[in-house]
Each structure stands twice: as structure tokens, then as C-alpha cells.
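Encoded as C-alpha cells, the structure appears first; notes follow it.
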Amino acid sequence: MSDKSAARITPRSEDYSRWYLDVIRQGDLAEPAEVVKGSMVIKPHGFAIWEKIQRGLDDMFKETGHQNAYFPLLIPESFIKKEAEHVDGFSPELAVVTHAGGKELEEPYVIRPTSETIIGHFFQRWIESYRDLPLLINQWANVMRWELRTRMFLRTSEFLWQEGHTAHASHEEAKEEVQRMLRIYAEFAEDWMAMPVVCGEKTASERFAGALETYSIEAMMQDGKALQAGTSHDLGQNFGKAFDVTFQNEKGESEYVWQTSWGVSTRLIGGLIMTHSDDNGLVLPPKLAPIHVAIIPILAKNCDENQILSACDNIAADLKKAGINAVCDKRDYKPGYKYFEWEQKGTPMRLEIGPRDLEKNQAMMKGRLDSEKNSLSMDGLAQHVETYLANFQTELFERAKQRRQEATLEVDSYEDFKEVFAGQNSRFVYAHWNGAAETEAQIKEETKATIRCIPLDIDKEPGKCMISGEPSKQRVLFAKSY
RNA sequence: CGGGGCGUAGCGCAGUCUGGUUAGCGCACUUGACUGGGGGUCAAGGGGCCGGAGGUUCAAAUCCUCUCGCCCCGACCA
């Protein structure tokens, strides 16, 4: 296969890794690390996307009163055991440090798979009174989970994430926090990533071990499979009990705190790729694109190179003043080569500036999803670009919603249900379910589809379970998932 | 840990069944010239312990044994 044809990516492909590898090789996004199986390398372009995600979310967290902090990478094994005594269904895939300083350690350390335990440990010291609550902490960090099977971006053994950990004086307040953060994730996914999501509650079998309730945002990838893109947990008093995190309430009584935790990870990058990309490469929403506009100078043999290059520089500078990140690509490659490269990187807009354009006081413009080029006057260029980018952001979201809608259906008979999920097929299917874990397991066994969530925002229309015929309060969301 | 596929140049691959010139091809890379508005052309180059170890043979990328690693499907998934 030639490199050119290998560059074609197929978002609907069943072999999703092929798609990533192509994007990665061509688009310089990332590649699997050679050092540790299943760990990841994020090259600069990919990391710039992550930095934008971080910045966007961080602002939202701070607006809602959260503070960033940092906790240790290594957690004493006893902390994990302490948790296990209180938390049922604990099944760790942990990497453990047993040696340091050339000696075997008395007590091994676990590389954090998540930080509930060590943060619980510090909460216990920090919280004494109801006046110390709520305590709203967020951490940006790396974590490690020794999963049996890794998948690029979606389940790497080491990954970057943010984990919020909060402690509250009442269950009501903790529950509000869980919903608040779920909605912040949904807002971020839709407004920034242009990735429509379904907000809902997880069933008991999909719940975070130790949580009373787990909520998630579920996005649909282009192959119809679901991606859990963020979670928000109501931890109740489970961790408070495990780590003895108590406070004195207004009546002077000692109570365990009510905790929540919530997180999103570099998996979002995977979601972004699999939501928008097409056969020409990545497609990035302007709010997350590291570079908004690639300016390509067109240099002919007998033209004034300096004039063209300085015109390009001026335009880049003007756009930057308007908050648009533009770069002038002065590398010694043919223009066509540069066009393809910037498209593969997902850059929303390209401007070409050559001798003919300078004469006419214009630039040739092409959007990432356009099939044709258009001329754009230099007068008020920044304004035009700004408007274009805003529309592009909206269009990506609408496109993704449209795609999801076309792949979403309500199903009432199990026969039809099985038909929808035959082979590798996946859709978003809303169907009635009797609420029993056995039914859920049977469906998973027979169709590979799982209950992604019990959606919060749909009509609570009662019905009958498609398998048992027993009553159901509302439809739940089924899909195959990553 | 099961089932399937695969390790040959930076990347993607052919060659393996049927052992036999100096191990090939595309892309990428280097140099030069002409070029330059959608992946340029021509010319000349550089780059390989054919994943590793052992065996069979006059002869191994190719056959045999072992081993290491990767990918997909499953199990698993705080």
C-alpha cells in the first residue's frame, strides 16, 4: 500500500486502531510508546489539544469554586487495603513499587490508579468543622492502571486526567455537586468539543466501585459505538468511613463527610478524533484547535518573495491581535504538500497568499470541510475569519448531532434489538428494561450491547421491558461501547 | 489467559508455500537542476544483523524448535 492511500483514514472502520495509526503517522499526533506496553506518547500537536482542553475545563472548575491541588504519585498499599475493607467489588489493576534506594521497601507503594484514598487521607486531616465544608479540590495528574488490554487514547495504561474530589456536610449538597459537574462536562463536550453527549446514570453493574451512584456523559463515535467521556460519582460516606473523615456539625455532633469525585481524561482526545475526523484526517473544532489558520505563501519564480512573505506575516499578526492563532508556513515545500498536511492536522482554515492575491488585495480561503476555495478581501479579514470560525464550531456540532440522530432509534422488541446489534453494528438504542441485573447481563451476553446509561433528559415514558414484559419507568440507552 | 493475524530500511509492504545471483518495491530522507495557486519532474545518492537464540543444509528472510514483541477479537476495565 502506498503512503498516499495509507493516509486515507476510515472513521467507520471496525479496526479503529488503523485509523489512529494513520492519523498519528501523518498528523504527528501521537504514537504508542515503545517502553511500556500500552503507555502513550503525545507529540506536540496532540498535547497542544490537551492543553486547550485543560484550560477550558479549568476555567469552568474555578468559576464553580474549585481549587487545584496536587497529591503524591505513590500511595501506600495500606491505603488501598483500607479502602477495600469498606468498598465492595474492588478489583485493582495496580502497578506496585516494591524497591527503592537499592532496597526492598517495608511497605510497597502503589502507583495511583486514582486518588480517592490519598486525598481521603488528607481530607481527614484538613476537615474538622462544618465550617471547613464544602471542600472542593481538583487535581491534574497522571494515573496508571495495568489493564489487561489497552487501546490507544481510550484505555492507555498511563493517562493524563483531572480528578475532582469534594467533601460536603450533607448528602443533598454532595448530590448537587455530582449533577453540577456532570453538567459542566456535558457543556464542555458540546460547546468546546462539538461532541454531543447523553447525560445519564449508570446501572449498578457499571457503577464505580464504592460509589452510591455514578453518572456519565456518553458520546457516539462515527461507527455508532458509545464512548464514556466523563464520569461523576456520588461516593456517599463510603470513603469518609474508610478514612475516618469526620466533621462536627452545627449541633456539635460528629458526622462522616459526604464525598464526590469526577474526572475526564486524555480519552477525550480519542473522542474528539473519532467524532469529527474524516478521510482527509483530523477535523478540530476551533475552540480546541492549536492553530486556527494556516497561511500558505505562494512563491513563484519571478515574484517578489519578500513582499509576499511580509504580507503573510502582517496578516498573521493582525489575526493574532484578534485572538486568532495563525501561522505562516514558510517551509520549503510545495504548496500542495502543505495543504494536505494542514488538513490532516485538522486546522479549521487555510489562507493562500500569492502575487495575484496581493494585486487584488485578497486571499484565497479554504475551510477544512469545504470542497472549493473562495476569495476573501483583505479588508476586515480578521472579522471574516472570526465569523467563519464561529460558524465552523457550530457546524461541527450540528453535523455530529445529525449523525447521532440518524444512528439513534427506539426499539420495542428484543428481536428487532438483536437485529440492530448484529455483527459489528452499533447504534444508540432507547429501549425499555425491567431494571434487573440479570436481564442486563443476558442482553450483553447475547448482543454485546450494554446499558450506557439511564438518561436524565428524555421523556419519562413508562413501558414494558422488551425481554420480560415487566413494567419499566423509562427507556434506557443501549449501545456497544469502547 | 484463550482465538486469529503479524515481525524484512524512518513508515507501509513484496519475497517465505516450492531454500540458491549482491534482499526488493512505494513513500520518506540527502544533493543538484528545473519548478512552485492541490501531495512536482529529472538525475545522482544514503540507509537492512530479514525481531532474537539454537538447529537442519554445500547453501536459510525462506524449513524445524524455542523465545521475545506487536495488532485485532474475547476475558477484564476505579
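Chain identifiers are assigned alphabetically (A, B, ...) following the order of the sequence lines, protein sequences preceding nucleic acid strands; residue numbering begins at 1 within each chain. From a predicted model like this one, the values you see are computed outputs, not experimental measurements.
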To the side chain of [X], which of [options] is closest?
| X | options | answer |
| --- | --- | --- |
| A:Lys334 | B:G39, B:G38, B:G36 | B:G36 |
| A:Arg155 | B:C77, B:G39, B:G36 | B:C77 |
| A:Gln344 | B:C77, B:G37, B:G39 | B:G39 |
| A:Glu147 | B:G38, B:G74, B:C77 | B:C77 |
| A:Phe340 | B:G36, B:G38, B:C77 | B:G38 |

Problem - Candidate list A:Val385, A:Asn391, A:Thr387, test side chain to side chain contact (heavy atoms under 4.5 Å, CB included), partner A:Leu389, passing option - result: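 That would be A:Val385; it is the only one of A:Val385, A:Asn391, A:Thr387 passing the side chain to side chain contact (heavy atoms under 4.5 Å, CB included) with A:Leu389.
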Problem - Integer-rounded Å distance: B:G37 C1' and A:Lys366 NZ - result: 14 Å
Exercise for the section: Can you tell me the distance, in whole Å, between the CH2 atom of A:Trp146 and the P atom of B:C77? Expected result: 18 Å
Handout entry: Near-parallel close stack of A:Tyr339 and B:G38 base (under 5.5 Å, under 30°)
Key =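 According to the criterion (under 5.5 Å, under 30°), no, A:Tyr339 does not stack.
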Exercise for the section: Classify the nucleic acid contact of A:Lys373 as base, sugar-phosphate or nothing, counting any heavy atom under 4.0 Å across all strands shown. Expected result: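 Base: the residue A:Lys373, judged by heavy atoms under 4.0 Å, touches a nucleobase.
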Problem - Sugar-phosphate, base or nothing in reach of A:Arg350, heavy atoms under 4.0 Å - result: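 If one applies the 4.0 Å heavy-atom cut-off, A:Arg350 turns out to touch a base.
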Handout entry: Check: A:Glu352 side chain, B:G38 base, donor-acceptor under 3.5 Å
Key =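 Absent.
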In the structure shown, which nucleotide is the Watson-Crick or G-U wobble counterpart of [N], with both distances under 3.5 Å?
| N | value |
| --- | --- |
| B:G36 | none |
| B:U16 | none |
| B:G47 | none |

Practice task
Taking the six-membered ring for Trp and the full ring for Phe, Tyr or His, determine whether the centres of A:Trp258 and A:His171 are under 6.0 Å apart.
Solution key: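 Yes, ring centres under 6.0 Å apart.
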Practice task
Look at the side chain of A:Ser216 and the backbone N and O of A:Glu218, then say whether any donor-acceptor pair between them is shorter than 3.5 Å.
Solution key: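 The answer is no, because no donor-acceptor pair under 3.5 Å joins these two groups.
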Problem - Electrostatic pair A:Glu343-A:Arg368, nearest N-O below 4.0 angstrom - result: no
Exercise for the section: Using the C1' atom as the reference point in each nucleotide, state the distance between B:C64 and B:C17 in Å, no decimals. Expected result: 15 Å
Exercise for the section: Could you work out the separation of B:C11 and B:G36 based on their C1' atoms and round it to a whole Å? Expected result: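 About 26 Å, rounded to a whole number of Å.
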Handout entry: Distance-only donor-acceptor check, side chains A:Thr166 and A:His168, under 3.5 Å
Key =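 Looking only at side-chain atoms, A:His168 and A:Thr166 do form a donor-acceptor pair, the distance falling under 3.5 Å.
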